[in-house]
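Following: one structure in structure tokens, then a few remarks.
A, B, ... follow the sequence lines: proteins, then strands. Residue 1 opens every chain. Quick caveat: nothing in here was measured; it's all calculated off a predicted structure.
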Amino acid sequence: MSKGITSRQEDYSKWYNDIVVKADLAENSGVRGSMVIKPYGYAIWEKMKEQLDKMFKETGHQNAYFPLFIPKSYFTKEASHVDGFAKECAVVTHYRLKTNQKGEIVVDENAKLEEELIVRPTSETIIWSTYKKWIHSYRDLPILINQWANVVRWEMRTRLFLRTSEFLWQEGHTAHATAEEAIAETKQMLDIYAEFAEKWMAMPVIKGSKSESERFAGALDTLSIEAMMQDGKALQAGTSHFLGQNFAKAFEVKFTSKEGNEEYVWASSWGVSTRLMGALIMAHSDDKGLVLPPKLAPIQVVIVPIYKNEDQLETIRIKVKEITEKLKTKDISFKFDDRTTQRPGFKFAEWELKGVPIRLAIGPRDIENGTIELARRDTSEKKIYNIEGIENIIKDLLHEIQDNIFKKALKFRKENTFKADTYDEFKKIIEKGGFVLAHWDGTAETEEKIQQETKATIRNIPFDSPEEEGKCIVTGKPSKRRALFAKAY
RNA sequence: CGGGGCGUAGCGCAGCCCGGUUAGCGCAUCUGCUUUGGGAGCAGAGGGUCGCAGGUUCGAAUCCUGCCGCCCCGACCA
């Protein structure tokens with residue numbers, strides 16, 4: 001492992017990339033724009049998945065699995081949906097290879113598919129074509145299904161975790177008898193995402209609804225949570241869409257209501273992806289490497305032995321065993337790093353790079369005194385504690401760290417969120433980086449003008465943005481609420 | 001798709017302009033000894049179709065032609 005990572009100040013994107021690669025989270029693969037998620041990175045994703053999955057199930061959802069391939073005809077049924085995704089679809093056209101006269105492996109032109117298959121960029125169409133078969137009566141509703149899957153969007157420019165051609169995600173697809181119910185579901189799932197972001201990722205988010213031009217292709221309303229990264233840019237961390245009856249109409253999904261009327265089904269869909277990994281990294285990490293919130297850290301405590309010979313290591317091993325037994329009773333995950341091939345200093349640096357919240361170091365000195373050195377990743381603070389009762393101290397400290405990094409992120413967001421009442425003010429803030437709350441006349445033209453001139457977009461219109469009389473910073477037309485603007489990932 | 005750049009050891013690069021005999025450096029790897037409370041030191045070793053294909057030449061990493069791949073900027077974008 002090479003020393004050091006680029007500092008945030010020097011080159012923020014390089015810093016991000018260094019962390020991903022050097023903390024062993026992921027790397028680029030031989031396929032353009034597609035990444036390999038390495039075991040340590042995948043372990044973090046698994047922690048996220050586990051918690052989200054639990055939250056989905058607690059709210060009555062079930063998991064299912066739908067095909068990777070979508071027949072082109074399904075895909076093209078909902079017009080705005082096609083418009084939104086057509087330019088980034090991978091398409092399967094053949095099903096066989098052959099060897100030509102030169103001995104090369106080539107596509108067998110005789111094995112052309114009658115109908116091309118789209119590799120799913122999202123599954124609304126395949127799922128709604130299936131729901132048609134499942135839904136006939138109001139008694140069949142609601143359907144509350146989630147799927148954990150991979151999807152492909154052929155992006156022009158990719159970055160590890162933040163935007164890759166293939167990514168992992170979950171997509172919820174629900175069907176309801178009424179608009180109210182579907183809207184309530186849409187909101188509920190956004191709340192779940194926000195709770196997960198704040199309580200688990202320790203990342204404060206702003207809930208709101210998207211402007212029309214940022215809406216999901218085929219949705220009537222898109223809600224999002226937006227988080228601020230350390231460079232002041234916004235990252236969309238999750239979306240929940242109210243799809244109205246668009247997909248039901250496109251796929252002819254009707255049900256007979258209690259009153260005996262034939263009606264179209266109402267829908268929602270919602271998703272978060274491996275992009276959350278990128279958010280997690282950029283929300284908390286520092287120039288020494290990753291900083292993980294204890295609740296998502298695959299290893300919460302790492303123990304590094306310090307010794308001069310095999311005898312000393314053996315003594316330490318026995319002591320460590322006592323400690324780890326106690327950690328187990330407190331449900332604390334740990335790793336005893338007894339590799340003899342690396343020296344302590346190397347291990348310290350490595351585990352800091354990997355963001356382990358707490359490090360214990362124990363050597364002959366400690367054995368003699370019944371003590372242990374404890375270092376916090378979030379503050380870099382080091383303290384000597386008695387081994388007796390250390391498990392309680394660690395348990396409390398893990399909560400404190402979780403809390404501390406959330407507060408730190410919240411403070412940073414507050415310090416970098418501003419109100420602007422003139423376009424000049426607005427431009428200055430955007431230039432520097434940060435969130436801007438400003439009045440906007442509600443038109444796509446103004447939104448586009450702002451984006452063209454400043455590269456900032458409307459992230460969302462925050463739910464907690466109070467009603468107030470204002471004037472659009474560009475056109476001066478009246479506005480009732482401030483929208484959240486920022487440059488975004 | 002437009003503009004720019006790059007392909008030489010696992011990674012990062014020098015050499016190319018001005019052709020010349022064993023193709024070099026740093027990191028990593030391996031071996032040995034000494035080390036181990038903040039990324040060890042010394043000594044030695046291994047590792048290369050110089051992106052691919054042609055051409056020019058006594059001789060090509062170096063010059064010429066074609067091709068392929070990748071990266072950056074722009075355009076595009078849940």
Side-chain angles (χ1 to χ4, degrees), chain A residues 1-6 11 13-14 17-18 21-22 27-33 81 83-89 120-122 124 151-159 161-167 169 171 210 213-219 222-226 234-241 269-276 278-279 288-289 303-313 316 337-354 359-369 371-375 380 382 384 451-452 455 457 459-460 488-489:
Chain A
M1 186 165 310
S2 60
K3 283 181 196 176
I5 51 179
T6 310
D11 185 341
S13 345
K14 200 150 183 261
N17 215 59
D18 277 357
V21 173
K22 292 185 176 168
E27 64 188 31
N28 275 310
S29 70
V31 185
R32 192 199 70 97
H81 191 69
D83 274 357
F85 289 104
K87 279 174 280 181
E88 50 189 52
C89 283
R120 63 181 166 216
T122 180
E124 275 77 5
V151 289
V152 169
R153 295 179 189 177
W154 213 262
E155 298 286 355
M156 300 299 277
R157 299 183 55 123
T158 59
R159 291 188 70 191
F161 288 119
L162 296 173
R163 176 169 288 119
T164 47
S165 299
E166 178 187 359
F167 56 94
W169 78 344
E171 45 181 328
K210 286 287 186 188
S213 52
E214 293 270 334
R215 238 172 239 162
F216 176 75
T222 288
L223 312 181
S224 78
I225 51 171
E226 304 283 335
L235 190 142
Q236 179 178 293
T239 46
S240 186
H241 316 288
S269 73
W270 28 274
V272 297
S273 70
T274 35
R275 195 176 211 212
L276 287 181
K288 288 197 286 186
I303 306 164
V304 177
I306 292 152
Y307 56 93
K308 287 198 168 53
N309 53 53
E310 193 54 40
D311 280 355
Q312 286 183 352
L313 178 58
I316 292 167
D337 186 1
D338 61 350
R339 285 177 294 174
T340 53
T341 49
Q342 312 294 353
R343 300 163 80 253
F346 179 93
K347 293 178 184 175
F348 291 172
E350 188 179 58
W351 293 114
E352 271 161 14
L353 188 50
K354 290 192 161 194
R359 182 187 72 232
L360 300 174
I362 180 162
R365 225 152 61 198
D366 299 298
I367 294 288
E368 216 164 288
N369 303 331
T371 57
I372 197 158
E373 183 193 82
L374 184 154
S380 295
K382 279 198 265 193
I384 307 288
Q451 175 169 11
Q452 297 267 314
K455 291 193 172 169
T457 50
R459 300 323 305 153
N460 64 26
Y489 277 95

Listed nucleotide nearest any side-chain atom of [X], set [options]:
{"X": "A/Arg359", "options": "B/G38, B/G74, B/G37", "answer": "B/G38"}
{"X": "A/Phe346", "options": "B/C77, B/G39, B/G37", "answer": "B/G39"}
{"X": "A/Ala349", "options": "B/U36, B/C77, B/G39", "answer": "B/G39"}
{"X": "A/Lys87", "options": "B/C76, B/G74, B/G37", "answer": "B/C76"}

Does A/Arg343 place a side-chain N or O at less than 4.0 Å from the phosphate oxygens OP1/OP2 of B/A40?
yes
Report yes if a side-chain nitrogen or oxygen of A/Lys455 is closer than 4.0 Å to either non-bridging phosphate oxygen (OP1 or OP2) of B/G74; otherwise report no.
yes
Using atom [atom1] in both nucleotides, what's the gap between [N] and [M] to the nearest angstrom?
{"N": "B/G47", "M": "B/G24", "atom1": "P", "answer": "13 Å"}
{"N": "B/A61", "M": "B/C13", "atom1": "C1'", "answer": "15 Å"}
{"N": "B/G7", "M": "B/C64", "atom1": "P", "answer": "15 Å"}
{"N": "B/G15", "M": "B/U62", "atom1": "P", "answer": "15 Å"}
{"N": "B/C58", "M": "B/C6", "atom1": "P", "answer": "31 Å"}
{"N": "B/C17", "M": "B/G54", "atom1": "P", "answer": "23 Å"}
{"N": "B/G4", "M": "B/C30", "atom1": "P", "answer": "45 Å"}
{"N": "B/C63", "M": "B/G19", "atom1": "C1'", "answer": "8 Å"}

Complementary nucleotide for [N] - Watson-Crick or wobble, under 3.5 Å:
{"N": "B/U29", "result": "B/A45"}
{"N": "B/A40", "result": "B/U34"}
{"N": "B/C6", "result": "B/G69"}
{"N": "B/A75", "result": "none"}
{"N": "B/G54", "result": "B/C64"}
{"N": "B/U21", "result": "none"}
{"N": "B/A14", "result": "none"}

Using whole Å, what does the distance between atom [atom2] of nucleotide [N] and atom [atom1] of [X] come to?
{"X": "A/Gln342", "N": "B/G39", "atom1": "CD", "atom2": "C1'", "answer": "10 Å"}
{"X": "A/Phe85", "N": "B/C76", "atom1": "CZ", "atom2": "P", "answer": "18 Å"}
{"X": "A/Gln452", "N": "B/G74", "atom1": "CD", "atom2": "P", "answer": "14 Å"}
{"X": "A/Lys14", "N": "B/G12", "atom1": "NZ", "atom2": "P", "answer": "11 Å"}
{"X": "A/Asn28", "N": "B/G69", "atom1": "CG", "atom2": "C1'", "answer": "15 Å"}
{"X": "A/Ile316", "N": "B/G37", "atom1": "CD1", "atom2": "P", "answer": "12 Å"}
{"X": "A/Glu27", "N": "B/C11", "atom1": "CD", "atom2": "P", "answer": "11 Å"}
{"X": "A/Asn17", "N": "B/C71", "atom1": "CG", "atom2": "P", "answer": "12 Å"}

At their closest point, which heavy atom of [X] faces which heavy atom of [Y], and how far apart are they?
{"X": "A/Tyr307", "Y": "A/Ile316", "answer": "CB-CD1, 4.0 Å"}
{"X": "A/Thr122", "Y": "A/His81", "answer": "CG2-CE1, 3.6 Å"}
{"X": "A/Thr457", "Y": "A/Ala488", "answer": "OG1-CB, 4.3 Å"}

So [X], base contact, sugar-phosphate only, or nothing? Heavy-atom distance under 4.0 Å.
{"X": "A/Lys210", "value": "base"}
{"X": "A/Thr239", "value": "base"}
{"X": "A/Glu373", "value": "base"}
{"X": "A/Asn309", "value": "nothing"}
{"X": "A/Phe216", "value": "nothing"}
{"X": "A/Arg459", "value": "base"}
{"X": "A/Pro121", "value": "nothing"}

Classify the side chain of A/Glu352 versus the base of B/G38 as yes if they form a donor-acceptor pair under 3.5 Å and no if they do not.
yes
Looking only at N and O atoms, is any donor in the side chain of A/Lys308 or the base of B/G37 less than 3.5 Å from an acceptor on the other one?
no
Return the 5'-most residue of the pair A/Gln451, A/Thr340 with respect to RNA chain B, ranking by each residue's nearest nucleotide.
A/Thr340
Step by step, work out the side-chain hydrogen bond (donor to acceptor under 3.5 Å, both in side chains) result for A/Asn460 and A/Ser224.
CA-CA 7 Å; A/Asn460 64 26; A/Ser224 78; 3.2 Å; yes
Using side-chain heavy atoms (C-beta onward) and a distance below 4.5 Å, is A/Glu214 in contact with A/Arg459?
yes
Can you tell me if A/Trp154 has over 12 outside heavy atoms packed within less than 6.0 Å of its CH2?
no
Evaluate the criterion side-chain hydrogen bond (donor to acceptor under 3.5 Å, both in side chains) for residue pair A/Thr239 and A/Lys210; output intermediate values, then yes/no.
CA-CA 9 Å; A/Thr239 46; A/Lys210 286 287 186 188; over 6 Å; no
Does A/Arg359 pair with A/Glu350 as a salt bridge, N-O distance under 4.0 Å?
no
